[in-house]
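Notes for the one structure printed next.
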Amino acid sequence: MSSDPKASQAQMEKIVSLCKRRGFIYQSSEIYGGINGFWDYGPLGAELKRNLRTLWWNTMTREREDVVGLDATIIMHPDIWKASGHVDTFADPMSTCKSCKKLVRSDQWWSIMGEQPWVQSLAAIVEPGTLALNTGDLLKWAKGKGKQLAPNLALVRNPEVTLSWLVQDIEAGKRPADAREYFLYLATEQKAAAGFVTPCPHCGGEMTEPRPFNLMFRSHYGPIESDDNVCYLRPETAQAIFVQFKNVFDSSRVKVPFGIGQIGKAFRNEITPRNYTFRSREFEQMELEFFIRPDEVIRLIYGEVAQWHEGADLSEPQPNWGWELWHRYWVDQRTKFYESIGLGRDVLDYYWQSKDELAHYATATVDILFKFPFGTEELEGIAARGDFDLTQHQKHSGKSLEVFDEELREAVKKLTDEQKKDFIAEVQEEWNDCNKSREDAAIFCDKLLTKASYLPHVIEPSAGLDRLALGILTHAFSEEEKADVNGKVETRTILRFHPRVAPIKVGVFPLLKNKPELVAKAREVYALLKKHMNCFYDESAAIGRRYARQDEVGTPFGVTIDFETCGEKGPELQDTVTLRHRDSGEQERVKISELLGKLLPLVS
RNA sequence: GCGGGAAUAACUCAGUGGUAGAGUGUCAGCUUCCCAAGCUGAAGGUCGCGGGUUCGAAUCCCGUUUCCCGCUCCA
């Protein structure tokens, strides 16, 4: 993977072209001109995705005793999206600068402003504390520094007129309320005619009115469209897990800590779908919500919460783990998953979000990134979300989502009244430090101590299946210069998929197709293998060409049936075949009866 | 949504106003053929779509869709 943008773009183009030519990925609705942000998977892409989906499902649910599965609908009760916050926060208003055409999210406008050199240098003149009017310095700035830093700002283009409004209002006793409003004055040339102009953070020019961008797909349930039956295609699969949390808990004999996994389609009306399938409007997610005891519960039961430290043993979950160790544990588990399908640490990266970047519901978030040709981008996010989601759904639905904890009850029984009082005081103090009310802390403690019940906290490893498929494809892509038998040098493409994810596991070839005994034997081998793995039978063209064709779609193994298989060179070679390895090109002679036993462990 | 580039066979591209081409790939045949071999033959194109200019448009103009690159997004 090259860091040179042109080379990586060229590489992406080769991958896109290969994917189409060999049936991995097509543009959706192509014969109708296509539709922006939607992609289809062809025969090989469907197999690749299925392999990845199955591997995730098996690793995350079947092979674990503490995770169960769920398959919920795409369209759910619309109130779910009000509770989750998506109805409000998924409609980001945006403005464009009329001069430099840059796009700015309205809710981030002021914080982006704060980072701009022109804003900072102006702020120094304005004296933010007093907002005193300093006409002389402002005029000087407009004709000097301003010309370079913010050429399209009204104050720079027409300083006298622009400042006259401010002077007029201040004289009339209407001072700007704050620094923000002050900047609106400086950006507005004709206040009376058109009202305040919002300045572009980049050039000072005029921003358009904020336009809402609703990122959720809307529809209606029932045959008549009205405001009463609006519904949404889910923008993430996770909410269904929270909403069905109590049902799963009550019907599956699970105990906290446990997880619920789900794989499914999600939909987002992205502003700009980009980078091939990386950001699509319809995509598939693989999400786990892993529910854990709040740290306070761990403390009541085990006395203290195990602390994370560099080099901590994360291999086996321990009962006294709090959210932090569970969070680290899942980062470790997910890394191991990626390694098991060929994405090693050399192509992965991690991004630990800083405290102020975190979404309001999260206590910690790690992004697992992959080095795509077009940049290092997120493959999976692992968030510690506290009890935010369950709290929201409990509040909006009016149904209790709390769980009863037998061990907690036993632990609480042993406490003296004095110890209970100390515990409550301690928790109140801690919550207060995190800007949560003492009152809420008291209610929370009361539930723990009298009812032994609580809302579990959650760790959410949330991965994109299409992104993973794209990562696997770009990682597997390789080219080799190779001379053919005539010495002509050609570039050959090889997809070096890990055998576990490869769409086709084995190619089966009779050396020649005009010899019935070879064909019959080859079809026999094909029939034997295809019940256990995806195989491809090919008898057309020279054997080298058939190998090359399979290399190009990443088939890790080839089996060739020749005259020796039929016993022509003696009985010791009878019923043996050539097994060819894609990456090394090496060949070995294997008995047909031993073929399955040899291949199965390699591909599953 | 805004700006820049692109769109011709399955893929990569040539074709600047006068009969739509090449290479690769695909398919069929011959071949005791183990790394895209050779030979013979075949299929495959509303030149993204819609208008306009013109006797005549793949080619010039306008619109539109999609893809790529930036602004923005984050599974």
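Chain naming here is simple, since letters A, B, ... match the order of the sequence lines and numbering starts at 1 in each. All values reported here derive from a predicted model rather than from experimental measurement.
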For C61(B) and U54(B), measure between their C1' atoms and round to the nearest Å.
12 Å
Considering only the C1' atoms, how many Å lie between A22(B) and G45(B), rounded to the nearest integer?
14 Å
Is L379(A) touching bases, backbone alone, or none of the nucleic acid, heavy atoms closer than 4.0 Å?
sugar-phosphate
Show your reasoning for whether side chain to side chain donor-acceptor pair (under 3.5 Å) applies to T237(A) and E287(A).
CA-CA 7 Å; T237(A) 59; E287(A) 297 198 287; 2.5 Å; yes
Name the nucleic acid region contacted by G37(A), choosing base, sugar-phosphate or nothing; use a 4.0 angstrom heavy-atom cut-off, strictly under.
sugar-phosphate
Selection residues 502-526 of chain A - residue pairs positive for ring-ring contact (aromatic ring centres under 6.0 Å, His included), sequence neighbours left out
F509(A)-Y547(A), Y526(A)-Y537(A)
More 5' along RNA chain B: F38(A) or R467(A), using each one's nearest nucleotide?
F38(A)
Taking OP1 and OP2 of C69(B), is either one under 4.0 Å from a side-chain nitrogen or oxygen of N275(A)?
yes
Is the gap between the ring centers of H581(A) and F557(A) under 6.0 Å?
yes
Re U59(B): Watson-Crick or G-U wobble partner, both distances kept under 3.5 Å, found to be none
Just so I know, are the side chains of F497(A) and L48(A) near enough to count as touching, which here means a heavy-atom distance under 4.5 Å?
yes
Using only side-chain N and O atoms of R279(A), determine if any of them is under 4.0 Å from OP1 or OP2 of C73(B).
no
Derivation and outcome, side-chain contact (heavy atoms from CB on, under 4.5 Å), residues F217(A) and I74(A)
CA-CA 11 Å; F217(A) 279 90; I74(A) 286 167; over 6 Å; no
Provide a list of protein-nucleic acid N or O atom pairs under 3.5 angstrom, restricted to nucleotides 8-14 of chain B.
unit_1, atom_1, unit_2, atom_2, d
C11(B), OP1, K20(A), NZ, 2.5
C11(B), O3', S17(A), OG, 3.3
C11(B), O2', S17(A), OG, 3.1

Atom-pair distance (CD1 on I15(A); C1' on C68(B)), nearest Å
14 Å
Under 3.5 Å, which N/O atoms of the protein pair with N/O atoms of nucleotides 21-23 of chain B?
none

Length of the CZ-P vector between F278(A) and U72(B), whole Å:
16 Å
Using whole Å, report how far CE of M60(A) lies from C1' of A75(B).
14 Å
Tell which nucleotide pairs with U32(B), taking only Watson-Crick or G-U wobble pairs whose two distances are both under 3.5 angstrom.
none
Quote, to the nearest angstrom, the P distance that separates U59(B) from U16(B).
12 Å
Taking 4.0 Å as the cut-off, does a side-chain nitrogen or oxygen of R274(A) come that near to OP1 or OP2 on U66(B)?
no
Quick check for you: among A75(B), C67(B), A36(B), whose closest atom lies nearest to any side-chain atom of Q27(A)?
C67(B)
Taking the six-membered ring of F278(A) (Phe, Tyr or Trp), confirm whether the NZ or CZ of R274(A) is under 6.0 Å from its centre and within 45° of its axis.
no
Name the nucleic acid region contacted by S280(A), choosing base, sugar-phosphate or nothing; use a 4.0 angstrom heavy-atom cut-off, strictly under.
base
Tell which nucleotide pairs with U53(B), taking only Watson-Crick or G-U wobble pairs whose two distances are both under 3.5 angstrom.
none
Base, sugar-phosphate alone, or nothing: which one does G585(A) contact when heavy atoms must sit under 4.0 Å apart?
base
Mate of U66(B) where both pairing distances stay under 3.5 Å, Watson-Crick or G-U
A6(B)
Interatomic distance at P, G63(B) relative to G5(B), whole Å
13 Å
Starting the side chain at C-beta, find the nucleotide from C74(B), C67(B), C73(B) nearest to R268(A).
C74(B)
Going by the angle between their ring planes, with limits at 30° and 60°, are F370(A) and F372(A) parallel, tilted or perpendicular?
perpendicular
Determine whether more than 12 heavy atoms belonging to other residues, nucleotides or ligands lie under 6.0 Å from atom CZ of R218(A).
no
Counting only Watson-Crick pairs (N1-N3 plus N6-O4 or O6-N4) and G-U wobbles (N1-O2, O6-N3), all under 3.5 Å, who is the partner of G1(B)?
C71(B)
Can you tell me how far C1' in G23(B) sits from the matching atom in U19(B), rounded to whole Å?
23 Å
In residues 36-44 of chain A, what donor-acceptor pairs under 3.5 Å come from side-chain atoms, sequence neighbours left out?
unit_1, atom_1, unit_2, atom_2, d
W39(A), NE1, Y276(A), O, 3.3
Y41(A), OH, D466(A), OD1, 2.8

Show the numbers, then the answer: is there a side-chain contact (heavy atoms from CB on, under 4.5 Å) between M12(A) and T474(A)?
CA-CA 8 Å; M12(A) 270 315 288; T474(A) 58; 4.0 Å; yes
How about R50(A): does its CZ atom have over 12 heavy atoms from other parts shown lying under 6.0 Å from it?
no
Could you tell me the Watson-Crick or G-U partner of A20(B), where both distances fall under 3.5 Å? Say none if there is no partner.
none
Spacing between L288(A) atom CG and A75(B) atom P, to the nearest angstrom:
16 Å
Protein-nucleotide distance (F509(A), atom CZ; C35(B), atom P), rounded to Å
14 Å
Regarding E236(A), tell me which of base, sugar-phosphate or nothing describes its non-hydrogen contacts under 4.0 Å with the strands shown.
nothing
Of R589(A), K521(A), R580(A), K569(A), the one forming a salt bridge (Lys or Arg N to Asp or Glu O under 4.0 Å) with D562(A) is R589(A)
With rounding to whole Å, what would you report as the distance between U24(B) and G48(B) at their C1' atoms?
23 Å
Pick the closest RNA chain B nucleotide for K513(A) and for I31(A) by heavy atoms, then say which residue is nearer the 5' end.
K513(A)
May I ask you to check whether over 12 heavy atoms, not counting those of K336(A), lie within 6.0 Å of atom NZ?
yes
Taking the C1' atom of each, how far is U65(B) from A75(B), in whole Å?
27 Å
What does U46(B) pair with, Watson-Crick or G-U, if both distances are under 3.5 Å?
none
Below 3.5 Å between N/O atoms, which protein atoms pair up with nucleotides 32-34 of chain B? Just atom names and distances, please.
unit_1, atom_1, unit_2, atom_2, d
U32(B), OP2, K515(A), NZ, 3.4
U32(B), N3, E568(A), OE1, 3.1
U32(B), N3, E568(A), OE2, 3.3
U32(B), O4, E568(A), OE2, 2.8
C34(B), O2, Y547(A), OH, 2.9
C34(B), O2, Q587(A), OE1, 3.2
C34(B), O2, Q587(A), NE2, 2.7
C34(B), N3, T578(A), OG1, 3.3
C34(B), N4, D562(A), OD2, 2.4
C34(B), N4, T578(A), OG1, 3.3

Please, which pairs that meet side-chain hydrogen bond (donor to acceptor under 3.5 Å, both in side chains) have at least one residue in residues 510-519 of chain A, sequence neighbours excluded?
none
Using the P atom as the point on both nucleotides, what is the distance between A36(B) and A20(B), in whole Å?
38 Å
Answer yes or no: is there a donor N or O on one side and an acceptor on the other, between the side chain of R234(A) and the main chain of M76(A), under 3.5 Å?
no
Looking for any heavy atom pair under 4.0 Å, which part of the strands does Y276(A) touch: base, sugar-phosphate only, or nothing?
sugar-phosphate
